[in-house]
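Here is how names work: the chains are called A, B, and so on, in the same order as the sequence lines, proteins then strands, and each is numbered from 1. Worth saying up front: this structure is predicted, and the values here are computed from it rather than measured.
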There are 2 protein chains.
Amino acid sequence: VAEERERTRTTVDIYGEQYTIVGDENPDHVRKVASLVDEKMREIKRKNPYLDTKKLAVLTAVNIVNEYIKLKDHFDQAHKANKEDEEST
Amino acid sequence: VAEERERTRTTVDIYGEQYTIVGDENPDHVRKVASLVDEKMREIKRKNPYLDTKKLAVLTAVNIVNEYIKLKDHFDQAHKANKEDEEST
């Protein structure tokens, strides 16, 4: 996080608890991110009703990292294919 | 998760606790994902030493969703620029 940027403090509710997120993102973006995490936690809880909140949060993070890697691989592949296309024309 | 694929069970250690991840990913991939989550949790804990593990895990998920959205926006922009390039040639 760059020092020269303006710092925002946004309070959000995730899975029934309040969190104050400090950063350089605008509050609307922070609220969108928080609501995606809240949603994902509830989705995983429905599939694993026995999980306590700590394990639920850790498994939510695992899920999101997995999706992050998939997205990155997908775009890296697309980029590679695109580059090869360009080189062959 | 597709029914026809093979289901794997991989036990991983994240922030001192064991989790059994069930899915269709190979165990090496699951271990890579788990170690990224573990790393991220330790990084956030260093910056916020007062956080309990539950809040730490939730904030880790928030961080990763934020990075996911940034990555997606970045690639969407690149894709759009690339498309415009193609259309103009």
| query | A/Ala61 and B/Thr60: which non-hydrogen atoms are nearest, and at how many Å? | reply | CB-CG2, 4.3 Å
| Engaged part of A/Ile21 at the chain B interface, taking heavy atoms whose separation is under 4.5 Å | side chain
| message | Report which part of B/Lys32 has an atom under 4.5 Å of a heavy atom belonging to chain A: side chain, backbone, both, or neither. | response | side chain
| request: Show your reasoning for whether side-chain contact (heavy atoms from CB on, under 4.5 Å) applies to A/His29 and B/Ile69. | output: CA-CA 10 Å; A/His29 176 81; B/Ile69 292 175; 3.9 Å; yes
| task | Name the option with the most non-hydrogen atom pairs under 4.5 Å to chain A; the candidates are B/Lys55, B/Glu17, B/Glu67. | result | B/Lys55
| Rounded to the nearest 0.5 Å, how far does OH of B/Tyr15 lie from NZ of A/Lys54? | 10.0 Å
| task | Supply the atom-to-atom distance B/Phe75 CZ to A/His74 NE2, rounded to the nearest 0.5 angstrom. | result | 9.5 Å
| request: With the side chain counted from C-beta on, respond yes when A/Tyr19 and B/Leu59 share a heavy-atom pair under 4.5 Å apart, and no when they do not. | output: yes
| Beyond-backbone contact of B/Val58 with A/Met41, side-chain heavy atoms, under 4.5 angstrom | yes
| Electrostatic pair B/Glu25:A/Lys70 at N-O distance under 4.0 angstrom | yes
| Quick one: what part of B/Ile64 sits under 4.5 Å from any heavy atom of chain A, side chain, backbone, both or neither? | both
| request: Against chain A, work out which of B/Leu71, B/Asp52, B/Leu36, B/Thr53 has the most heavy-atom pairs shorter than 4.5 Å and name it. | output: B/Leu71
